[in-house]
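Encoded as structure tokens, the structure appears first; notes follow it.
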Amino acid sequence: MRPDTPAENVDHPSEAARLERTAELYPEDAEALLLRAAAHRELAGDRPAATALYDRLLATGTGLDNPFLVRALKASNLWEYGHEAEARAIIDGIRTASPRDPAPWVIVAEALEAHDELEQAHETFTQAVRLLLTDGAEPPRATRPLLFGRHRVRRMLGAAHDEWDALADSVHTLPITLDELHDPKRVWSLGSENPAELQAEITRLRAELGAYREALSRPFPVAILHWPADELAELTEAYPSLAEEYPSYGEHLAAIEAALRELAASGTPNLGVVTGTVPSYEAFAASEGATPGDAALLPQYATTLAARGRAVAWPPERGAACWCGSGRAYGECHGAG
């Protein structure tokens with residue numbers, strides 16, 4: 001599925017089946033692929049099939065990158081088709097385990113919120129915020145949904161602003177305020193005959209829709225292919241025709257950063273970098289019935305790696321390591337200047 005495919009045009013059962021077949025071909029990427037397949041099963045209304053995929057992943061034992069994310073998704077899905085007690089037990093287990101990844105916290109807190117368990121949702125959001133945001137630094141992008149979700153639930157509960165709400169306001173970037181977005185009474189304006197009130201509500205809904213679209217598109221970034229130095233040397237030695245694409249390692253890195261900046265300047269969202277290896281590339285070429293020396297295959301390989309969840313978002317967050325693998329901070333490496 002192309003990242004720009006409209007949601008209403010997606011055949012969710014077929015897309016889920018395709019992802020499940022791909023997971024069989026690439027077992028090292030099964031976690032990312034099967035999570036996406038489960039999401040398509042949920043969207044298709046086949047929640048028992050989605051649960052089966054979550055159970056399939058959890059049955060692998062300790063080999064998962066993020067078992068708490070899988071458990072959180074399973075809990076949210078179970079609750080939607082009547083398995084509330086099991087869902088609550090999983091949520092309690094996640095809260096007790098206190099994972100350091102914000103994603104499971106967001107999912108379980110929003111599951112509680114969706115079922116009108118506002119006090120429990122507030123407690124869950126607050127527990128996560130206290131655990132993950134303790135050093136006073138600017139909150140990482142991945143933790144911001146915790147702040148926004150907590151702010152939203154507190155508005156529903158009628159709670160006064162506190163320091164975490166102020167922090168949520170400070171990192172909020174949409175054109176209307178969080179208080180407006182999260183106002184529990186704003187839905188009343190939909191019944192108004194005042195054109196100004198209706199227009200204001202349309203603006204709010206567009207802002208929310210834009211945020212949802214951005215979040216949904218993040219797993220499918222426009223990705224640029226990066227070869228580590230040793231892999232690039234092996235690649236060009238094995239396939240000399242690709243030396244024209246990669247005159248030197250330094251030029252390769254510079255070209256990646258330049259391409260990403262150009263795409264960003266043109267307004268292209270959700271950019272990323274995927275790192276290739278020669279064995280993986282050769283296997284991809286074989287699967288396509290093509291020769292690895294064909295330069296036209298390189299963009300397809302990059303797209304395939306991104307679709308398998310291998311992309312790293314660009315630009316890195318402030319203070320994070322550079323995408324090139326130098327070990328230096330991005331701002332001191334390719335982000336400088």
Strictly below 4.0 Å, N to O, side chains only: are [X] and [Y] in salt-bridge contact?
| X | Y | value |
| --- | --- | --- |
| D162 | R154 | yes |
| E123 | R150 | no |
| R41 | E15 | no |

How close do [X] and [Y] get, counting heavy atoms only, and between which atoms?
| X | Y | result |
| --- | --- | --- |
| I90 | R71 | CG2-O, 3.4 Å |
| E257 | Y330 | OE2-OH, 2.5 Å |
| P316 | A320 | CB-CB, 3.9 Å |
| A264 | L271 | N-CD1, 3.7 Å |

How long is the span from the [atom1] atom in [X] to the [atom2] atom in [Y], to the nearest 0.5 Å?
| X | Y | atom1 | atom2 | result |
| --- | --- | --- | --- | --- |
| S280 | E28 | OG | CD | 7.0 Å |
| H334 | S326 | NE2 | OG | 7.5 Å |
| F125 | L118 | CZ | CG | 10.5 Å |

Exercise for the section: Verify the distance criterion only: is there a donor paired with an acceptor across the side chains of H115 and E80 at less than 3.5 Å? Expected result: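 There is such a pair (donor and acceptor under 3.5 Å, judged by atom type) between the side chains of H115 and E80.
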Practice task
Give the C-alpha distance, both sets of side-chain angles, the deciding distance and a yes or no for side-chain hydrogen bond (donor to acceptor under 3.5 Å, both in side chains) between E251 and S248.
Solution key: CA-CA 5 Å; E251 290 179 77; S248 72; 3.1 Å; yes
Practice task
Please check if atom CD in E288 has more than 12 non-hydrogen atoms from other residues, nucleotides or ligands closer than 6.0 Å.
Solution key: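 More than 12 within 6.0 Å, yes.
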Exercise for the section: Taking the six-membered ring for Trp and the full ring for Phe, Tyr or His, determine whether the centres of Y281 and W227 are under 6.0 Å apart. Expected result: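 Aromatic pair counts; centres sit under 6.0 Å.
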Problem - Validation row, ring centre H161 to ring centre H151 under 6.0 Å - result: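 Yes - the distance between ring centres of H161 and H151 falls below the 6.0 Å cut-off.
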Problem - Residue that, paired with W79, satisfies side chain to side chain contact (heavy atoms under 4.5 Å, CB included) out of E86, E117, R47 - result: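 Result for side chain to side chain contact (heavy atoms under 4.5 Å, CB included) with W79: E117.
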